[in-house]
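Written out below as structure tokens is the structure these notes cover.
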Amino acid sequence: MQLYQSPISPGRSWYEDGIERPAFGALTERIDTDVVVVGGGFTGLSAALHLARAGVGVVLLEAHRLGDGASGRNGGQMGTGQRLWPAELEALYGFARSKALFDLAEAAKRHLLSFMAENGIDADYRAGQLSVAHKRRYVADYREQAEVLATRYGYGDAQFMDAEETAARVGSKRYFGGIRDTGTGHINPMKLVVGTARLAGEAGAQLFEASAVTAISRQDGRIIVSTAGGEVRAERALIATNASGAGLHPETARHILPISSFIGATEPLAEPERVLPGGESCDDSRFVVRYFRKSADNRLLFGGREAYTSATGDIASHIRRQIAEVYPHLAGVRLTHAWGGSVGITLQRMPFVRTLGPGITAIGGFSGHGVMLSNFAGRLYAERIIGLTDQLSVLEQLDLGAFPGGRLLRTPLLFLAMTWFSLRDRL
Ligand SMILES: Cc1cc2nc3c(=O)[nH]c(=O)nc-3n(C[C@H](O)[C@H](O)[C@H](O)COP(=O)(O)OP(=O)(O)OC[C@H]3O[C@@H](n4cnc5c(N)ncnc54)[C@H](O)[C@@H]3O)c2cc1C
């Protein structure tokens, strides 16, 4: 049997195993509708679902298969707050806006948990997140972060851990301290993609796969979105292409750049109680973050990033080396899967939400923190169109800057910066 392999990212992910991904045909006609959504990840699917449920006509066009971008291949960690810590956000935007962004992320968390529960989507949710310092000098920052969250942001679920507690909870002496957050958790992201797509289809959204959008234009006041096989004419368009939509819209490409992240899945662990015995997920203090957790069947899913070649074998050997640094007893563990994906990042590491012209909105660039935020942003887009709320403006008002360097230099400059940060992680 030929197993499915995403055409845009290396390696077959473990999430593909044991899940039935419904197939959707390609666009072969001309359709007139209210909203056209470009991109079938969490953002696009959530927007399509919530629009369709409100009775708005919606067509979603995905270049490959739904979830083939970051949404079906990520680490599944939900986290708390934004990608930047509150203290960093306060330095950039002041307390009031930082608090509004934190509250928005908490609303995103509540949305995701209640959305899965109310709609019967079992995405293997497990509670608990550990964030840990890979250098002793960062421990004080974690202590302060837990304190700030409790006293200034009213968030009491994040507790500081000393080195001893951290070692016991991670199952490794590699880290020096950190935070245990009992108010969040982790999921199997592909199960969420499949569940959301099913609901969107049932609600009346028209979903198409293998339908790469090649151009967006305007005629007679309508937006025209073209693919090789057909076109969609709509009043509004949502560009939810994240890291992989570079060619489609220059403004989005200037603000969201792709960086590769890689994950390996081990065979089910022989002694699962020695690794994250409380079942939490874990991320560390590296700029080029390492993130890991156990799956429902006790595999270790371990993610990180280095400059690999595109060969899956290379991903596996690098990930195995990183696993052994944290868990020396797993030095010889067998990896059954190794895969990569593109994380859409912005210069400020905050989501990019922008009105690009009459009726056209772009949402993406969640910078490795999109599991809860992208799903919520899709819903907020729908609420804006329906006229229910305009919470999306909390993100749109951030007015993020573009990456420097112009079209040709942007990516090489980012590569240099990432190489520098990854070196600094080791110093
Ligand atoms: C390896 C990895 C690990 C990660 N781990 C975590 C984590 O643990 N926690 C967390 O919060 N976040 C994590 N992320 C980030 C998270 O997955 C993303 O923020 C989130 O999935 C973004 O969803 P999206 O819908 O905006 O984009 P995507 O899921 O990338 O969807 C964009 C879609 O647009 C499609 N597309 C592109 N161009 C076109 C076109 N021209 N026409 C039609 N369709 C097009 C793509 O094929 C793709 O399916 C990770 C990402 C990766 C890659």
Side-chain angles (χ1 to χ4, degrees), residues 7-8 23-69 71 196-197 200-201 203-256 344 352-365 374 377-387 390 392 396 402 407:
I8 46 171
F24 297 87
L27 181 72
T28 54
E29 59 192 315
R30 177 181 145 178
I31 302 179
D32 274 271
T33 190
D34 298 320
V35 180
V36 56
V37 175
V38 186
F42 288 147
T43 306
L45 283 168
S46 174
L49 166 64
H50 289 95
L51 285 167
R53 279 188 171 170
V56 177
V58 57
V59 173
L60 182 148
L61 301 171
E62 163 56 44
H64 307 285
R65 294 196 67 184
L66 303 175
D68 268 2
S71 296
T196 312
Q206 298 181 72
L207 311 179
F208 296 94
E209 294 183 322
S211 302
V213 171
T214 49
I216 301 178
S217 55
R218 275 180 202 280
Q219 202 183 330
D220 304 329
R222 303 281 282 168
I223 297 165
I224 303 170
V225 166
S226 312
T227 70
E231 68 177 34
V232 180
R233 291 170 176 246
E235 207 172 309
R236 295 169 195 278
L238 171 63
I239 301 181
T241 52
N242 198 30
S244 48
L248 196 58
H249 200 285
E251 184 71 354
T252 311
R254 286 171 60 227
H255 288 85
I256 306 175
F352 175 72
V353 176
R354 186 156 299 179
T355 303
L356 300 171
I360 303 182
T361 304
I363 302 179
S374 59
R379 177 180 135 183
L380 294 186
Y381 172 77
E383 289 185 355
R384 175 185 272 186
I385 301 301
I386 300 156
D390 194 18
L392 199 58
E396 188 159 13
R407 193 172 60 82

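In this text the structure is predicted, and so the values were computed from the model without any measurement. What you see below is based on every heavy atom in this structure, not just the backbone, and it leaves out hydrogens, waters and symmetry mates.
With values rounded to the nearest 0.5 angstrom, Thr361 atom OG1 is found 6.0 Å from Arg384 atom CZ. From Glu235, atom CD reaches atom CD1 of Ile223 across 8.5 Å, with rounding to the nearest 0.5 Å. Between the CZ atom in Arg354 and the CD atom in Glu251 there is a gap of 5.5 Å [rounded to 0.5 Å]. Ile239 contributes atom CD1, which lies 12.5 Å from atom OG1 of Thr43 (distance to the nearest 0.5 angstrom).
Counting heavy atoms from C-beta on, the side chains of Leu66 and Asp68 never come closer than 4.5 Å. Side-chain contact between Ile216 and Ile360 is present, with heavy atoms from C-beta onward closer than 4.5 Å.
Annotation: salt bridge (Lys or Arg N to Asp or Glu O under 4.0 Å) contacts involving residues 30-40, sequence neighbours excluded, comprise Arg30-Asp32, Asp32-Arg222. Sequence neighbours left out, the pairs with a member in residues 209-221 that pass salt bridge (Lys or Arg N to Asp or Glu O under 4.0 Å) are Arg65-Glu209.
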Result block: side-chain N/O donor-acceptor pairs under 3.5 angstrom for residues 54-61, not counting sequence neighbours:
none

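With sequence neighbours excluded, no residue satisfies salt bridge (Lys or Arg N to Asp or Glu O under 4.0 Å) with Arg236. By the side-chain hydrogen bond (donor to acceptor under 3.5 Å, both in side chains) test, Glu383 pairs with Arg379, Thr389, sequence neighbours left out. When the side-chain hydrogen bond (donor to acceptor under 3.5 Å, both in side chains) test is applied to Thr355, the partners found at least two apart in sequence or on another chain are Glu396.
In this structure, the side chain of Ser71 does not engage the main chain of Gly41 through any donor-acceptor pair within 3.5 Å. Looking at Ser211, its side chain does come within 3.5 Å of a backbone N or O of Leu27 through a donor-acceptor pair. A donor-acceptor contact shorter than 3.5 Å is absent between the side chain of Thr33 and the backbone of Ala234.
The nearest pair of heavy atoms linking Ala47 to Ala382 is O-CB, 4.0 Å. Nearest heavy atoms, Ser46 versus Gly378: OG-C, 3.8 Å. Heavy-atom minimum distance, Gly344 versus Ile256: CA-CG2, 3.8 Å. Nearest heavy-atom pair across Ile363 and Tyr381 is CD1-CB, 3.9 Å. Between Ala203 and Arg53, the shortest heavy-atom contact is CB-CG, 3.8 Å. The shortest heavy-atom contact between Val213 and Leu248 is O-CD1, 3.4 Å.
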